[in-house]
Amino acid sequence: MESVIAQRVGELDADSSEVAEDAQHALIALGPQVLDQLIAAAPGLGSFGQLCAIEVFSALGDPRPGNALVGMLSSDSTVVRQWAAEALGELGIQHAVPDLRQAYERFRQGGESPDHSEGAALRWALTELGERTVVLPLRASALRCQVDQLDPAWPTAHLAEVIEDLAAHDQAVLYFQVWQIKDGKGLSVARGRVSTGMSTAGSRGRRSSPSVGTGLCSQLMPLTKPFTW
(Lines give C-alpha, C1' and ligand atoms only; values in the text may rest on other atoms or scores of the structure.)
Protein backbone atom coordinates (compact mmCIF):
# COMPACT_ATOMS: atom_id res chain seq x y z
CA MET A 1 0.00 0.00 0.00
CA GLU A 2 2.89 2.40 0.72
CA SER A 3 4.04 2.16 -2.89
CA VAL A 4 0.51 2.79 -4.16
CA ILE A 5 0.23 5.91 -2.00
CA ALA A 6 3.65 7.11 -3.15
CA GLN A 7 2.63 6.62 -6.78
CA ARG A 8 -0.60 8.56 -6.31
CA VAL A 9 1.14 11.38 -4.43
CA GLY A 10 3.68 11.65 -7.26
CA GLU A 11 0.86 11.84 -9.81
CA LEU A 12 -0.42 15.04 -8.19
CA ASP A 13 2.43 16.75 -10.06
CA ALA A 14 1.60 15.13 -13.39
CA ASP A 15 1.61 17.28 -16.53
CA SER A 16 -1.98 16.24 -17.11
CA SER A 17 -4.55 17.85 -14.80
CA GLU A 18 -6.80 14.85 -15.44
CA VAL A 19 -4.15 12.47 -14.08
CA ALA A 20 -3.55 14.75 -11.08
CA GLU A 21 -7.24 14.97 -10.28
CA ASP A 22 -7.64 11.20 -10.60
CA ALA A 23 -4.77 10.81 -8.13
CA GLN A 24 -6.43 13.30 -5.80
CA HIS A 25 -9.69 11.32 -5.77
CA ALA A 26 -7.81 8.06 -5.29
CA LEU A 27 -5.96 9.48 -2.27
CA ILE A 28 -9.21 10.68 -0.74
CA ALA A 29 -10.69 7.22 -1.22
CA LEU A 30 -7.70 5.62 0.54
CA GLY A 31 -8.37 7.71 3.62
CA PRO A 32 -6.14 9.07 6.43
CA GLN A 33 -3.40 6.48 5.81
CA VAL A 34 -2.19 8.70 2.94
CA LEU A 35 -1.54 11.73 5.11
CA ASP A 36 2.00 11.06 6.31
CA GLN A 37 3.36 10.70 2.77
CA LEU A 38 1.26 13.53 1.39
CA ILE A 39 2.26 15.94 4.17
CA ALA A 40 5.94 15.12 3.57
CA ALA A 41 5.61 15.61 -0.20
CA ALA A 42 3.36 18.69 -0.22
CA PRO A 43 6.10 21.38 0.08
CA GLY A 44 7.84 20.05 -3.03
CA LEU A 45 4.75 19.85 -5.24
CA GLY A 46 3.98 22.40 -7.94
CA SER A 47 1.08 24.79 -7.55
CA PHE A 48 -1.52 22.49 -9.11
CA GLY A 49 -0.24 19.55 -7.09
CA GLN A 50 -0.51 21.60 -3.92
CA LEU A 51 -4.09 22.55 -4.78
CA CYS A 52 -4.89 18.86 -5.18
CA ALA A 53 -3.17 18.13 -1.86
CA ILE A 54 -5.25 20.83 -0.14
CA GLU A 55 -8.39 19.20 -1.54
CA VAL A 56 -7.29 15.87 -0.05
CA PHE A 57 -6.51 17.47 3.32
CA SER A 58 -9.89 19.20 3.43
CA ALA A 59 -11.81 16.09 2.36
CA LEU A 60 -10.17 13.91 5.01
CA GLY A 61 -10.91 16.44 7.76
CA ASP A 62 -7.79 15.59 9.77
CA PRO A 63 -5.82 18.38 11.53
CA ARG A 64 -2.42 16.78 10.95
CA PRO A 65 -1.71 18.75 7.73
CA GLY A 66 -1.89 22.03 9.68
CA ASN A 67 1.82 22.83 9.45
CA ALA A 68 1.94 21.94 5.75
CA LEU A 69 -0.98 24.28 5.09
CA VAL A 70 0.66 27.07 7.10
CA GLY A 71 3.72 26.70 4.87
CA MET A 72 1.53 27.18 1.81
CA LEU A 73 0.47 30.62 3.05
CA SER A 74 3.85 31.78 1.70
CA SER A 75 3.37 30.22 -1.75
CA ASP A 76 4.09 32.26 -4.89
CA SER A 77 0.59 31.29 -6.06
CA THR A 78 -2.27 33.45 -4.82
CA VAL A 79 -4.69 30.55 -5.38
CA VAL A 80 -2.59 28.21 -3.23
CA ARG A 81 -2.46 30.85 -0.50
CA GLN A 82 -6.22 31.32 -0.71
CA TRP A 83 -7.05 27.60 -0.61
CA ALA A 84 -4.57 26.98 2.22
CA ALA A 85 -6.21 29.71 4.31
CA GLU A 86 -9.65 28.26 3.66
CA ALA A 87 -8.49 24.76 4.62
CA LEU A 88 -6.94 26.05 7.85
CA GLY A 89 -10.28 27.57 8.78
CA GLU A 90 -12.24 24.48 7.77
CA LEU A 91 -9.96 22.15 9.73
CA GLY A 92 -9.97 24.39 12.82
CA ILE A 93 -6.17 24.75 12.97
CA GLN A 94 -6.03 27.19 15.86
CA HIS A 95 -2.24 27.44 16.01
CA ALA A 96 -2.30 28.88 12.48
CA VAL A 97 -3.84 32.18 13.69
CA PRO A 98 -0.53 34.13 13.97
CA ASP A 99 0.50 32.95 10.49
CA LEU A 100 -2.90 33.86 9.05
CA ARG A 101 -2.61 37.32 10.58
CA GLN A 102 0.85 37.75 9.05
CA ALA A 103 -0.45 36.52 5.70
CA TYR A 104 -3.31 38.99 5.90
CA GLU A 105 -0.94 41.84 6.65
CA ARG A 106 1.22 40.86 3.66
CA PHE A 107 -1.92 40.81 1.53
CA ARG A 108 -2.89 44.29 2.69
CA GLN A 109 0.59 45.65 2.08
CA GLY A 110 0.48 44.18 -1.44
CA GLY A 111 -2.13 46.73 -2.48
CA GLU A 112 -4.81 44.31 -3.71
CA SER A 113 -8.47 45.30 -3.59
CA PRO A 114 -10.20 44.42 -0.27
CA ASP A 115 -12.66 42.14 -2.09
CA HIS A 116 -9.89 40.08 -3.72
CA SER A 117 -10.54 36.37 -3.11
CA GLU A 118 -7.30 35.83 -1.16
CA GLY A 119 -8.16 38.59 1.31
CA ALA A 120 -11.70 37.27 1.68
CA ALA A 121 -10.34 33.78 2.39
CA LEU A 122 -7.90 35.04 5.02
CA ARG A 123 -10.60 37.06 6.76
CA TRP A 124 -12.99 34.12 6.64
CA ALA A 125 -10.41 31.75 8.14
CA LEU A 126 -9.64 34.18 10.97
CA THR A 127 -13.37 34.51 11.65
CA GLU A 128 -13.80 30.72 11.70
CA LEU A 129 -10.95 30.44 14.19
CA GLY A 130 -12.51 33.00 16.53
CA GLU A 131 -10.12 35.86 15.77
CA ARG A 132 -12.72 38.10 14.16
CA THR A 133 -16.26 38.75 15.34
CA VAL A 134 -19.25 38.92 13.02
CA VAL A 135 -21.06 42.25 13.47
CA LEU A 136 -24.72 42.28 12.43
CA PRO A 137 -26.78 45.17 13.87
CA LEU A 138 -30.24 44.41 15.28
CA ARG A 139 -32.21 46.12 12.49
CA ALA A 140 -30.25 44.39 9.71
CA SER A 141 -30.61 41.08 11.55
CA ALA A 142 -34.39 41.51 11.85
CA LEU A 143 -34.74 42.04 8.09
CA ARG A 144 -32.95 38.84 7.08
CA CYS A 145 -34.54 36.11 4.95
CA GLN A 146 -34.67 32.68 6.56
CA VAL A 147 -33.26 30.31 3.96
CA ASP A 148 -31.34 27.04 3.79
CA GLN A 149 -28.78 27.70 1.09
CA LEU A 150 -28.03 31.41 1.35
CA ASP A 151 -26.97 33.08 4.57
CA PRO A 152 -27.02 35.91 5.29
CA ALA A 153 -29.63 37.14 2.81
CA TRP A 154 -32.19 39.93 2.60
CA PRO A 155 -35.12 40.82 0.31
CA THR A 156 -33.97 43.40 -2.21
CA ALA A 157 -36.67 45.77 -0.93
CA HIS A 158 -34.63 46.14 2.27
CA LEU A 159 -31.17 46.27 0.68
CA ALA A 160 -30.61 50.02 1.01
CA GLU A 161 -31.83 50.01 4.61
CA VAL A 162 -29.54 47.10 5.51
CA ILE A 163 -26.49 48.79 3.97
CA GLU A 164 -27.30 52.04 5.79
CA ASP A 165 -27.69 50.17 9.09
CA LEU A 166 -24.36 48.42 8.60
CA ALA A 167 -22.66 51.71 7.70
CA ALA A 168 -24.09 53.30 10.86
CA HIS A 169 -22.29 50.57 12.82
CA ASP A 170 -18.94 51.14 11.06
CA GLN A 171 -19.40 48.17 8.74
CA ALA A 172 -19.04 48.17 4.97
CA VAL A 173 -20.32 45.93 2.21
CA LEU A 174 -17.51 45.03 -0.18
CA TYR A 175 -19.84 43.26 -2.60
CA PHE A 176 -23.14 41.46 -2.86
CA GLN A 177 -25.12 39.34 -5.29
CA VAL A 178 -28.77 39.52 -6.22
CA TRP A 179 -30.47 36.14 -6.59
CA GLN A 180 -33.69 35.35 -8.36
CA ILE A 181 -35.81 32.72 -6.63
CA LYS A 182 -38.26 30.69 -8.69
CA ASP A 183 -40.70 28.20 -7.20
CA GLY A 184 -39.44 24.69 -7.79
CA LYS A 185 -36.50 25.90 -9.86
CA GLY A 186 -33.99 26.94 -7.22
CA LEU A 187 -31.85 30.04 -7.54
CA SER A 188 -30.04 31.93 -10.23
CA VAL A 189 -27.84 35.00 -10.04
CA ALA A 190 -29.89 37.92 -11.31
CA ARG A 191 -27.03 40.41 -11.07
CA GLY A 192 -23.29 40.15 -10.70
CA ARG A 193 -20.94 41.48 -8.06
CA VAL A 194 -21.47 45.05 -6.94
CA SER A 195 -18.84 46.95 -4.94
CA THR A 196 -19.64 49.80 -2.57
CA GLY A 197 -17.54 52.86 -1.93
CA MET A 198 -17.03 52.14 1.76
CA SER A 199 -13.64 51.14 3.01
CA THR A 200 -13.80 48.72 5.94
CA ALA A 201 -13.41 45.04 5.28
CA GLY A 202 -15.95 42.27 4.95
CA SER A 203 -15.55 38.53 5.38
CA ARG A 204 -16.14 35.61 3.20
CA GLY A 205 -19.30 33.58 3.84
CA ARG A 206 -20.01 29.98 2.91
CA ARG A 207 -22.33 29.86 -0.04
CA SER A 208 -26.02 29.35 0.61
CA SER A 209 -29.36 30.68 -0.76
CA PRO A 210 -33.04 31.53 0.09
CA SER A 211 -36.31 29.99 -0.93
CA VAL A 212 -38.85 32.71 -0.31
CA GLY A 213 -41.17 32.07 -3.21
CA THR A 214 -40.74 33.98 -6.45
CA GLY A 215 -38.83 37.23 -6.39
CA LEU A 216 -35.40 38.65 -5.70
CA CYS A 217 -33.26 38.28 -2.63
CA SER A 218 -29.86 39.86 -2.05
CA GLN A 219 -26.88 38.25 -0.36
CA LEU A 220 -24.40 40.47 1.47
CA MET A 221 -21.15 39.02 2.69
CA PRO A 222 -21.07 38.82 6.54
CA LEU A 223 -19.14 41.74 8.00
CA THR A 224 -16.64 41.47 10.79
CA LYS A 225 -14.50 43.32 13.29
CA PRO A 226 -11.91 44.12 14.62
CA PHE A 227 -10.09 44.63 11.30
CA THR A 228 -10.62 47.65 9.13
CA TRP A 229 -9.14 47.94 5.68
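Quantities reported herein were computed from a predicted structural model and do not represent experimental measurements.
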**Report entry** Worked check of side chain to side chain contact (heavy atoms under 4.5 Å, CB included) between Leu38 and Ile5
**Finding:** CA-CA 8 Å; Leu38 184 54; Ile5 295 172; over 6 Å; no
Query raised in the report: Going by an N to O cut-off under 4.0 Å, is there a salt bridge joining Asp36 and Arg64?
Result: yes
Query raised in the report: Just by modelled atom types, is the Glu90 backbone N or O under 3.5 Å from a matching donor or acceptor in the Glu128 side chain?
Result: no
Query - Least distance between heavy atoms, Gln50 atom then Pro43 atom - result: NE2-O, 3.7 Å
Query raised in the report: Do you know the tightest heavy-atom contact between Pro155 and Cys145?
Result: CD-SG, 3.2 Å
Query raised in the report: What are the two closest heavy atoms between Pro137 and Asp165, and how far apart are they?
Result: CB-OD2, 3.2 Å
Query raised in the report: So if you build clusters from Ile, Leu, Val, Met, Phe, Trp, Tyr with side-chain heavy-atom gaps below 4.5 Å, do Phe48 and Trp83 land together?
Result: no
Query raised in the report: If you round to the nearest 0.5 Å, how far is CZ of Arg81 from CG of Leu100?
Result: 13.0 Å
Report task. Is it possible for you to say whether Leu166 and Val178 belong to one hydrophobic cluster, with membership spreading through side-chain heavy-atom contacts below 4.5 Å? Result -> yes
**Report entry** Minimum-distance pair of heavy atoms, taken over all atoms of Gly66 and His95
**Finding:** C-CE1, 4.4 Å
Query - From CA spacing to verdict: side chain to side chain contact (heavy atoms under 4.5 Å, CB included), Val162, Val173 - result: CA-CA 10 Å; Val162 170; Val173 178; over 6 Å; no
Report summary line: The reported gap from CD in Gln171 to CD1 in Ile163 (rounded to nearest 0.5 angstrom) is 13.0 Å
Report task. For side chain to side chain contact (heavy atoms under 4.5 Å, CB included), just list the numbers for Ile39 and Phe57, CA-CA rounded to whole Å, side-chain angles, deciding distance to a tenth of an Å, and then say yes or no. Result -> CA-CA 9 Å; Ile39 289 168; Phe57 295 152; 4.0 Å; yes
Query raised in the report: Are the side chain of Glu118 and the backbone N or O of Phe107 linked by a donor-acceptor pair below 3.5 Å?
Result: no
Requested in this report: Report yes or no: do Leu159 and Leu138 belong to one cluster of Ile/Leu/Val/Met/Phe/Trp/Tyr joined by side chain heavy-atom distances under 4.5 Å?
Outcome: no
Query raised in the report: Out of curiosity, Leu27 CG to Gln33 CD, how far, rounded to the nearest 0.5 Å?
Result: 10.0 Å
Query raised in the report: Say you draw a straight line from CD of Glu105 to CD of Gln102; how long is it, rounded to the nearest 0.5 Å?
Result: 9.5 Å
Query raised in the report: Rounded to the nearest 0.5 Å, what separation is found between the CD1 atom of Ile28 and the SG atom of Cys52?
Result: 9.0 Å
Query raised in the report: Per the side-chain hydrogen bond (donor to acceptor under 3.5 Å, both in side chains) rule, which among Ser75, Ser117, Ser77 passes with Gln82?
Result: Ser117
Requested in this report: Return yes if some donor-acceptor pair links the side-chain N/O of Asp99 with the main-chain N/O of Val70 below 3.5 Å, else return no.
Outcome: no
Query raised in the report: Does a side-chain heavy-atom distance below 4.5 Å link Pro65 with Leu35?
Result: yes
Report summary line: In this structure, CZ of Arg101 is separated from CG of Leu129 (nearest 0.5 Å) by 10.5 Å
**Report entry** For Ala85 against Ala125, the heavy-atom pair lying closest together
**Finding:** O-CB, 3.2 Å
Requested in this report: Answer yes if Val19 and Val9 sit in the same cluster of Ile, Leu, Val, Met, Phe, Trp and Tyr residues linked by side chain heavy atoms under 4.5 Å apart, and no otherwise.
Outcome: no
Query raised in the report: Has the side chain of Trp124 got a donor or acceptor atom that lies under 3.5 Å from a matching backbone atom of Glu86?
Result: no
Query raised in the report: Within the distance-only criterion (no hydrogens, no angle test), does the side chain of Thr127 pair as donor or acceptor with the backbone N or O of Arg123 below 3.5 angstrom?
Result: yes
Report summary line: On a heavy-atom basis, the closest approach of Ile54 and Ala87 is CG2-CB, 3.9 Å
Query raised in the report: Residues in side chain to side chain donor-acceptor pair (under 3.5 Å) with Gln7, at least two apart?
Result: Glu11
Requested in this report: Determine yes or no for a side-chain-to-main-chain donor-acceptor pair under 3.5 angstrom, with Gln37 supplying the side chain and Glu2 the backbone.
Outcome: yes
Report task. State, yes or no, whether a side-chain contact exists between Val34 and Arg8 at a heavy-atom distance under 4.5 Å. Result -> no
